[in-house]
Number of protein chains: 2
Amino acid sequence: MTSPNEDTIASRISRILADRIVTGSLEPGSKLRQDHIAEEFGTSHVPVREAFRRLEAQGLAVSEPRRGVRVASFDLKEVREVAQMRAALEVLALRHAAPHLTSAILDRAEEATVAGDNSRDVRSWEEANRLFHTLILAPCNMPRLLTSIGDLHAASARFLFASWRSEWEVRTDHDHRAILTFLRQGNIENAAAVLERHVQWIGQKPVRNASGATREAFAIVG
Amino acid sequence: MTSPNEDTIASRISRILADRIVTGSLEPGSKLRQDHIAEEFGTSHVPVREAFRRLEAQGLAVSEPRRGVRVASFDLKEVREVAQMRAALEVLALRHAAPHLTSAILDRAEEATVAGDNSRDVRSWEEANRLFHTLILAPCNMPRLLTSIGDLHAASARFLFASWRSEWEVRTDHDHRAILTFLRQGNIENAAAVLERHVQWIGQKPVRNASGATREAFAIVG
DNA sequence: TAATCTGATATTATCTATAATTTTTCGTGC
DNA sequence: GCACGAAAAATTATAGATAATATCAGATTA
């Protein structure tokens with residue numbers, strides 16, 4: 001949702017690096033060394049630098065002048081921040097999208113919910129979840145808003161992957177179903193209210209550390 | 001608010017170009033030719049390209065691969081979109097900032113309001129207005145939210161400059177005063193309500209075209 | 001002895017110069 | 001007036017130079 005042009009080497013690199021950061025294959029705080037990446041992609045380092053600028057704008061990387069670029073770190077405070085921004089913006093989008101929602105779209109959103117409930121791993125659950133939100137929000141026809149929401153979704157997904165990398169248990173998403181029911185009734189206010197609460201729900205889970213100690217992991221699970 | 005690193009040539013170029021786009025000295029739709037800009041700043045075109053990527057992420061420029069970069073165009077639809085996004089996000093920020101607002105901050109915000117009321121041109125009015133919003137929102141301590149709001153402010157300012165380039169009449173900002181009054185009373189809900197309405201108020205004004213015809217110009221004036 | 005400072009070395013980011021494609025422009029012919 | 005094609009201009013990428021930062025061994029001091 002954040003790749004306007006998918007033709008240049010720089011955009012390809014930024015897309016692939018964004019995916020690695022989101023899925024956690026590149027760990028928070030790790031350095032992104034431009035000539036290593038350039039070598040991996042068989043290019044020079046100039047397009048790599050352009051990719052860095054885009055990742056920076058998306059909040060996935062932070063750059064210190066003359067000291068290089070690192071994968072952005074995050075903490076519970078930022079998880080909360082992203083959840084609240086998503087709540088505010090997704091409610092706005094839903095209010096504008098609702099009048100344009102067709103039953104065909106809502107059916108596809110329901111399929112996405114089912115797919116999410118049946119997911120056996122985080123990755124496919126996240127994909128289904130993102131599809132659900134995209135389907136019901138895209139008809140708002142507000143490109144700038146959708147881009148912002150897309151970036152926030154990427155951040156959410158990152159938090160999720162960081163917490164539930166391997167263990168994932170099937171959950172039934174009652175919120176998604178409630179939202180769809182309200183939308184089918186034309187009850188936009190209630191649908192928006194559920195959505196607002198839904199994306200601000202922050203799941204927590206004890207995670208065993210490498211040293212054996214356990215800590216609490218947090219993530220947005222909507 | 002959107003310049004994390006202010007040390008490299010690329011960031012300097014992006015800041016200056018952003019200012020030109022916002023003030024309208026670079027017109028919407030006009031091409032940004034990298035070697036011309038590189039020559040102007042006495043550099044090569046590589047840092048210019050990095051600056052382009054940042055402008056693109058801020059929504060101030062659009063890039064078509066292999067066809068160059070243009071100053072982003074806008075229309076009434078986007079003015080509305082930005083106004084509504086600002087309303088949603090600034091209300092969120094205010095709710096978190098309010099508990100940390102001191103009377104010293106509110107006094108400075110009042111000074112900014114007075115400065116705005118006394119402004120004789122758009123530029124100084126915009127500066128005072130931005131200061132007001134920044135002062136009452138910054139204590140929310142949510143960096144990602146503040147960055148987004150900053151980008152939206154830049155867009156708003158651009159709409160404003162496009163409409164009221166030369167003619168500007170002094171106006172007294174009753175909304176700002178009402179917000180401050182409510183904040184001093186600790187009445188956060190009313191302050192947020194006024195702010196929400198305030199930034200969504202879209203001013204309109206007949207503007208004489210070059211050919212003599214008049215058209216309506218629109219802008220966010222909060 | 002431990003800790004800190006100093007300076008040489010190596011690594012890395014940043015920018016310049018240059019080359020290769022692609023797009024646009026513009027003139028010529030039909 | 002329209003299509004075609006060569007020339008010009010602009011974007012994109014590469015390779016190489018420069019300057020800043022990190023690393024680490026050795027010296028100095030408490």
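By convention in this document, chain letters (A, B, ...) are assigned in the order of the sequence lines, proteins followed by strands, and residues within each chain are numbered from 1.
- For an aromatic pair to be called close, the ring centres must be under 6.0 Å apart, and A:His36 with A:His45 fails this.
- Rounded to an integer number of Å, the gap from CD of A:Gln34 to P of C:dC15 is 10 Å.
- The minimum heavy-atom distance linking B:Phe132 with B:Thr113 is given by the pair CD1-OG1, 3.4 Å.
- Both B:His36 and A:Thr43 sit near DNA chain D, but only B:His36 has its closest nucleotide nearer the 5' end.
- The CD-C1' distance, from A:Glu64 to C:dT14, rounds to 15 Å in whole Å.
- Rounding to the nearest 0.5 angstrom, the gap separating the CD atom in A:Glu196 from the CD atom in A:Gln84 is 10.0 Å.
- Taking the six-membered ring where tryptophan is involved, the planes of A:His133 and A:His176 are perpendicular, since the angle between them exceeds 60° and thus also 30°.
- A 4.0 Å heavy-atom criterion places the boundary nucleotides of DNA chain D facing chain A at D:dA13 to D:dA22, written 5' to 3'.
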Please tabulate, for the side chains in residues 66-75 of chain B, all donor-acceptor contacts under 3.5 angstrom to protein atoms that are two or more places apart in sequence or on a different chain.
from: B:Arg70; atom 1: NH1; to: B:Gly29; atom 2: O; distance (Å): 2.5
from: B:Asp75; atom 1: OD1; to: B:Lys77; atom 2: N; distance (Å): 3.4
from: B:Asp75; atom 1: OD1; to: B:Glu78; atom 2: N; distance (Å): 3.0

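- If you take CG of A:Leu32 and C1' of C:dA13, they are 13 Å apart, rounded to a whole angstrom.
- Across all non-hydrogen atoms, the minimal contact from A:Ala51 to A:Ala10 is CB-O, 3.5 Å.
- The interatomic distance linking A:Arg49 (CZ) with C:dC15 (P) rounds to 6 Å, in whole Å.
- Between the CZ atom of A:Arg53 and the C1' atom of C:dA13 there is a distance of 10 Å, rounded to whole Å.
- Between the side chain of A:His45 and the base of C:dC15, at least one donor-acceptor pair of N or O atoms lies under 3.5 Å.
- Pairing each heavy atom of B:Gln200 with each of B:Ala83, the nearest pair is CG-O, 3.8 Å.
- Listed for the B:Glu81 side chain is a donor-acceptor partner under 3.5 Å among the backbone atoms of A:Leu145.
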Pairs under 3.5 Å (N/O, protein and nucleotides 23-26 of chain C):
from: C:dT24; atom 1: OP1; to: B:Arg67; atom 2: NE; distance (Å): 3.3
from: C:dT24; atom 1: OP1; to: B:Arg67; atom 2: NH2; distance (Å): 3.1
from: C:dT24; atom 1: OP2; to: B:Arg67; atom 2: NH2; distance (Å): 2.7

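- Spacing between atom CG of A:Asp35 and atom C1' of C:dC15 amounts to 14 Å, rounded to whole angstrom units.
- For the atom pair CG (A:Leu195) and CD (A:Glu90), the distance works out to 5.5 Å, reported to the nearest 0.5 Å.
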